[in-house]
Amino acid sequence: MPNRPSDTLFQLIKSLQKGEKRNFKLYVKRNSSNEDLKIIELFDALDKMDEYDESVLLRKNKSIKKEQLANRKAHLYKQILASLRLLEINNNIDLQLHEQIDYARILYNRGLYLQSLRILDKAKENAKSHNQYSFLVQILFLEKKIEGLHITRSLEDRARKLTTESDETIDNISMIAKLSSLSLELYGWYINNGHARNAEDEKTVTEFFKNNLPEAINTDNFYQKLYLYQSYCWYAFILQDFLAYYRYTQRWVDLFHESPLMIQIETAHYIKGMHNLMSAHFDLKNYEKFEATLQQFESFAETDVVKQNQNNTVQVFVYLYTAKINKHFMYGDFKEGLKLVPYINEKLQEYALYLDRHRVLVFYYKIASLYFGSGDYHNTIVYLNKIINWKVDLRNDLQAYARLLHLIAHYELGNFNLLEYLVKSVYRFMAKMENLGPVEQDVFKFLRKSFQWSSSQLKPEFKTLLGQLKSYEDNRLATRAFSYLDFISWLESKINNVAVEDVIREKSLVHKRNPNKQNSIEVA
């Protein structure tokens, strides 16, 4: 993965669009002082650099003294954020509510209590209509402060009303906090471990879920429902209960469609929901629903709410192209899918500043799987090496199966001088990461013995292994391996002397004719 620039100011400047840069300079010049004009010089110098290098910066800009640099950078950073705040306030309910609360405090400090209360009343309605309960707490706190310290002639039954509102808001926020924490913990477990590896994992996750799922959830509250659906979604996905996973991701997305205003406020949650809904259709082989949801997501990608927000743009890219790759997996047209790779690599480089390591790992694995399915084992190894050689402390499952696919790619290339070492090395790694189930054990037994067999003996042994693996298809824990590597399609291709993509393409045609027939799943 490309190196991320380490300087925070440099990162911020490189994240700016042309219009934002122009707006910043206008903002500074409107509030100009000698110091402000100097930070424009620093801004231009950093904007011209491809990589941050302080020594180069000082050498090329003699007017910038080393002892002044830290303070000037801090001032520039603050001014950029101030200009962005003004630019984005009309599109961000958080910033609008912050502004209203700030105005109310300014009026309060000037002794204009009734004016302050009027603004707080408007802010309260705004917060309620947009489900912004954390702001509601701040508003109520200031309202109670004013009513408790000053005679505003607005009291009447206000004390009881404010107390009731405060109690209800705090209870609501407490429930949202519990549910969001449960959702986050489950998602974090998946990021670290992937799907449940064994019965012990299932027991651990199930006990955690049941012990932390709160009671008395308000089904009329947007955020409580959102985090509840997310929690069930991650729980089902970890256990590979793909039908429950689909049901709760559909509820997640439907929640936004029932409250369209929240799509603009919580766009990232909506994007994530659409991603999981497409993933659920993919896992269940719901071809028509997958394509319909993908088309809907592509249309959403063209809306202003995506195009005018850098974070939304990046997230939509990640999930849209994850889905497009999955579509090629579903239909077995791997060679066609490889046409996406140059563009994806270009965007991985462009968005290096914004992408988390987990998403990059998933892209590398999926691209490697495209190459494997197309029969290009050399490039399969290239992309798997990006995972294997990248020392990260997450997605132990992906790192384990990347090594196993790497081993099989070398097997296909006939690199038998490497295989004996790789078999031992990968086996030890997968055992250490607790990723050795019955499917993996049988595959390793086959690979160890394969060195002894002649070419005429291989086909019967492939058939034997295929029979063994098919016996696990109804065992959810055993078939965890099929979510990462489509061993069955690979073996069928070896037995029938056809390409893997031909096998999967034929399966997709059979499945579309008979949707109740289940095939193994290829997904990262």
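Here the structure is a predicted model, which means the values were calculated and not measured. One-based numbering along the sequence shown.
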Item checked: Full working for ring pair (Phe, Tyr, Trp, His ring centres under 6.0 Å) between F297 and H275 -> CA-CA 9 Å; F297 193 56; H275 159 64; 8.4 Å; no
Next item on the list: Go through the steps to decide whether H257 and I263 satisfy the test side chain to side chain contact (heavy atoms under 4.5 Å, CB included), and finish with yes or no.
Entry: CA-CA 8 Å; H257 292 162; I263 294 177; 4.3 Å; yes
Item checked: Geometric cation-pi criterion K347 and F317, 6.0 Å radius, 45° cone -> no
Checklist line | Minimum side-chain heavy-atom gap I504-F334 below 4.5 Å | finding: yes
Check: Taking all non-hydrogen atoms of both residues, which atom of E215 and which atom of M175 are closest, and how far apart?
Finding: O-CE, 3.0 Å
Check: Looking at W252, W234, Y245, Y319, which one forms a side-chain hydrogen bond (donor to acceptor under 3.5 Å, both in side chains) with N276?
Finding: Y245
Notebook entry, point to check: Which pair of heavy atoms, one from L277 and one from T293, lies closest together, and at what distance?
Noted result: CD2-CG2, 3.9 Å
Notebook entry, point to check: Considering all heavy atoms of both residues, which atom of T249 and which atom of C233 are nearest to each other, and what is their separation?
Noted result: CG2-SG, 3.5 Å
Check: Has K432 got its NZ or CZ under 6.0 Å from the middle of the six-membered ring of F429, at an angle within 45 degrees of the ring axis?
Finding: no
Next item on the list: Give me the one residue out of F372, F329, Y401, Y365 that meets ring pair (Phe, Tyr, Trp, His ring centres under 6.0 Å) with Y484.
Entry: Y401
Check: Which word best sums up how the rings of H410 and H406 line up, parallel for under 30°, tilted for 30 to 60°, or perpendicular for over 60°?
Finding: perpendicular
Next item on the list: List for me each residue that meets side chain to side chain contact (heavy atoms under 4.5 Å, CB included) alongside D241, sequence neighbours excluded, and say none if there are none.
Entry: A236, L243, A244
Notebook entry, point to check: Between E412 and K494, is there a side-chain N and carboxylate O pair less than 4.0 Å apart?
Noted result: yes
Next item on the list: Kindly determine whether R247 and Y232 satisfy side chain to side chain contact (heavy atoms under 4.5 Å, CB included), including the steps that lead there.
Entry: CA-CA 9 Å; R247 286 171 180 159; Y232 272 106; over 6 Å; no
Notebook entry, point to check: Parallel, tilted or perpendicular: which fits the ring planes of W490 and F446, with parallel below 30° and perpendicular above 60°?
Noted result: perpendicular
Next item on the list: Quick one: closest heavy-atom pair of Y354 and K14, and the distance?
Entry: OH-O, 4.2 Å
Margin query: Just to verify, what does F256 make a ring-ring contact (aromatic ring centres under 6.0 Å, His included) with, not counting sequence neighbours?
Written below: F222, Y270
Check: So, N309 side chain and V305 main chain: donor-acceptor pair closer than 3.5 Å or not?
Finding: no
Checklist line | Nearest-0.5 Å distance that lies between atom OH in Y371 and atom OG1 in T380 | finding: 8.5 Å
Check: How are the rings of Y248 and Y229 set relative to one another: parallel (under 30°), tilted (30 to 60°) or perpendicular (over 60°)?
Finding: tilted
Note to self: Return the CG to CG distance between L179 and L213, rounded to the nearest 0.5 Å.
What the structure shows: 7.0 Å
Next item on the list: Taking all non-hydrogen atoms of both residues into account, name the closest pair between V306 and T313 and its distance.
Entry: O-OG1, 2.8 Å
Next item on the list: For salt bridge (charged side-chain N to carboxylate O under 4.0 Å, His left out), just list the numbers for E298 and K324, CA-CA rounded to whole Å, side-chain angles, deciding distance to a tenth of an Å, and then say yes or no.
Entry: CA-CA 10 Å; E298 285 184 299; K324 286 186 175 185; 3.5 Å; yes
Checklist line | Stepwise side chain to side chain donor-acceptor pair (under 3.5 Å) test for D94 and H98 | finding: CA-CA 6 Å; D94 292 24; H98 268 300; over 6 Å; no
Check: Which value, rounded to the nearest 0.5 Å, describes the distance between L255 atom CG and Q230 atom CD?
Finding: 9.5 Å
Margin query: How long is the straight-line distance from CG of L228 back to CD1 of I176, given to the nearest 0.5 Å?
Written below: 12.0 Å
Checklist line | Distance-minimising heavy-atom pair for Y133 and I173 | finding: O-CD1, 3.3 Å
Check: Can you name the one residue among Q441, R448, E440 that meets side-chain hydrogen bond (donor to acceptor under 3.5 Å, both in side chains) with Y427?
Finding: Q441
Next item on the list: Could you please spell out the steps behind the salt bridge (charged side-chain N to carboxylate O under 4.0 Å, His left out) verdict for K339 and E336?
Entry: CA-CA 6 Å; K339 294 178 181 178; E336 188 68 23; 3.1 Å; yes
Next item on the list: Quick one: list whatever passes side chain to side chain contact (heavy atoms under 4.5 Å, CB included) with S425, sequence neighbours left out.
Entry: Y421, R428
Check: If we only count heavy atoms from C-beta on, is the F363 to Y321 side-chain gap below 4.5 Å?
Finding: yes
Margin query: In terms of relative ring orientation, are H281 and Y246 parallel, tilted or perpendicular, with 30° and 60° separating the classes?
Written below: tilted
Item checked: Gap separating the CG atom of N212 from the NZ atom of K210, nearest 0.5 angstrom -> 13.0 Å
Margin query: Please confirm whether the ring centroid of Y190 lies under 6.0 Å from the ring centroid of H195.
Written below: yes
Note to self: Does K449 form a salt bridge (charged side-chain N to carboxylate O under 4.0 Å, His left out) with E461? I'd like the steps, not just the answer.
What the structure shows: CA-CA 10 Å; K449 293 178 181 178; E461 295 298 337; over 6 Å; no
Check: If you measure from OG on S279 to CZ on F290, what distance do you get to the nearest 0.5 Å?
Finding: 8.0 Å
